[in-house]
> 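The structure that follows is given in the form of structure tokens.
All values below come from the heavy atoms of this structure, side chains included, with hydrogens, waters and symmetry mates left out.
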Amino acid sequence: MTRKRTEIKKIDNLSARQVTFTKRRRGLIKKAHQLSTLCDAEIALIIFSSTGKLFEFSSSSTEQVIERHINLHSEKSLNPSAQQQVDDIPCALRKDLSDRARELRHLRGEDLHELNLDQLNQLEKSLKASLLRVSETKAGRIMNEISALKKKGAQLLEENKHMKMMVKMQEAKRVPRINHLSGDYDLSSAYSNNNFDTSLKLGLPFPQ
């Protein structure tokens, strides 16, 4: 039984579309690698998913292949229709793209053999300046975080102090109050007020 041929159209189901993209992307990269190995071809493959994620494969360097493509188009004679397409792209833009790609390779430490001593010194100064800016930015971020932590710590200490004061006030309310009497205490008056009879307590005759 032959396999059912897949209709080439946009897959509406998002999950199925993602699975198909992953499988076919791997297959395409595998085929490009085989073609490069078997035929000694220089290949650059650039893929953007529907979500904007970049996937790329190159037999050497993607930037080198793109630069070679641009230089080839700028050097060879083109027919009028192709010339019109190239003219639509400003030469300055194409040159800037090529220069940026070369600078990026140099910053990555690639293709440094094409630079002379002065250019290497200039590149080293540029990298040191960039590293210094990165270090200063990092140090500033660290100081800001330390300051924020100190401020938070002081706030927590103040809240803790306030809570201790509240606890002491609550404990003070629960302690019974003791009333201290001022002056001499009149025992006879107390007994009289409470109807106590000292003669009865001592066994004496009841007064007439």
Side-chain angles (χ1 to χ4, degrees), residues 10-30 33 44-58 60-67 93 96-115 117-187 190 193-194:
K10 181 180 178 180
I11 301 174
D12 296 328
N13 184 276
L14 182 60
S15 299
R17 188 194 312 162
Q18 184 64 33
V19 172
T20 302
F21 172 78
T22 302
K23 290 182 178 180
R24 299 220 170 193
R25 170 177 56 81
R26 291 174 179 172
L28 182 60
I29 294 176
K30 182 179 179 180
H33 175 70
L45 179 62
I46 300 175
I47 304 172
F48 283 98
S49 67
S50 59
T51 58
K53 191 174 182 180
L54 171 64
F55 302 90
E56 60 178 325
F57 165 80
S58 175
S60 56
S61 170
T62 303
E63 290 83 359
Q64 288 181 357
V65 176
I66 294 175
E67 184 177 356
L93 181 60
D96 183 67
L97 177 62
S98 178
D99 292 341
R100 294 296 180 183
R102 187 182 298 106
E103 290 178 3
L104 181 60
R105 293 198 305 274
H106 293 163
L107 291 174
R108 291 176 177 174
E110 301 174 358
D111 298 338
L112 298 180
H113 60 276
E114 61 186 29
L115 301 178
L117 184 59
D118 292 337
Q119 290 173 329
L120 289 173
N121 288 333
Q122 184 63 33
L123 178 61
E124 184 180 13
K125 291 180 181 179
S126 178
L127 290 173
K128 286 182 178 180
S130 299
L131 182 59
L132 179 60
R133 288 193 295 269
V134 171
S135 299
E136 290 176 349
T137 302
K138 179 182 177 182
R141 294 284 179 85
I142 293 175
M143 293 303 297
N144 290 338
E145 291 184 3
I146 292 175
S147 178
L149 289 174
K150 287 183 178 180
K151 184 177 180 180
K152 184 66 175 178
Q155 182 180 357
L156 291 175
L157 288 175
E158 187 65 25
E159 292 178 357
N160 187 31
K161 182 179 179 181
H162 179 71
M163 291 297 297
K164 286 183 177 179
M165 292 179 60
M166 294 295 295
V167 171
K168 289 182 179 180
M169 291 176 62
Q170 292 294 331
E171 290 179 350
K173 290 180 180 180
R174 289 195 295 266
V175 175
R177 296 182 179 179
I178 301 176
N179 295 325
H180 297 280
L181 301 177
S182 60
D184 296 330
Y185 190 80
D186 190 352
L187 293 176
N193 293 335
N194 291 287

> State, yes or no, whether a side-chain contact exists between E56 and L45 at a heavy-atom distance under 4.5 Å.
no

> To the nearest 0.5 Å, what is the distance between CG on D118 and CG on L123?
12.5 Å

> Give, for atom CD1 of I142 and atom CD of E145, the distance between the pair rounded to the nearest 0.5 Å.
7.5 Å

> Test side chain to side chain contact (heavy atoms under 4.5 Å, CB included) on F48 and K53; report intermediate values, then the result.
CA-CA 5 Å; F48 283 98; K53 191 174 182 180; over 6 Å; no

> Hey, are E67 and R105 close enough for a salt bridge, meaning a charged N less than 4.0 Å from a carboxylate O?
yes

> Just wondering, do V65 and S60 contact through their side chains at under 4.5 Å, heavy atoms?
yes

> Is there a donor-acceptor pair under 3.5 Å between the side chain of N160 and the backbone N or O of L156?
no

> Tell me the closest heavy-atom pair linking T62 and F57, and the distance in Å.
OG1-O, 4.4 Å

> Side-chain contact test, heavy atoms from C-beta onward, threshold under 4.5 Å: evaluate it for Q119 versus E114 and give yes or no.
no

> Could you tell me whether the side chain of S147 and the main chain of M143 form a donor-acceptor pair under 3.5 Å?
no

> Check whether any side-chain heavy atom of T22 sits under 4.5 Å from a side-chain heavy atom of Q18, and report yes or no.
yes

> Is it true that the side chains of R133 and S130 contain a donor and an acceptor less than 3.5 Å apart?
yes

> Please find the pair of heavy atoms, one from R17 and one from D12, that lie closest to each other, and give the distance.
NH2-O, 3.3 Å

> Are Q155 and E159 close enough that some pair of their side-chain heavy atoms sits under 4.5 Å apart?
yes

> Enter the distance from L54:CG to I47:CD1 here, rounded to the nearest 0.5 Å.
9.0 Å

> Could you state the interatomic distance from NE2 (H113) to CG (L120), rounded to the nearest 0.5 Å?
11.5 Å

> Say you draw a straight line from CG of N121 to OG of S126; how long is it, rounded to the nearest 0.5 Å?
12.5 Å

> Given side chains that start at C-beta, do those of E103 and R100 come closer than 4.5 Å, heavy atoms only?
yes

> Using a strict threshold of under 4.0 Å (side-chain N to carboxylate O), is an ion pair present between K128 and E124?
yes

> May I ask you to decide if A16's main-chain N or O and T20's side chain share a donor-acceptor pair within less than 3.5 Å?
yes

> Output the distance between atom NZ (K164) and atom NZ (K161), rounded to the nearest 0.5 Å.
10.0 Å

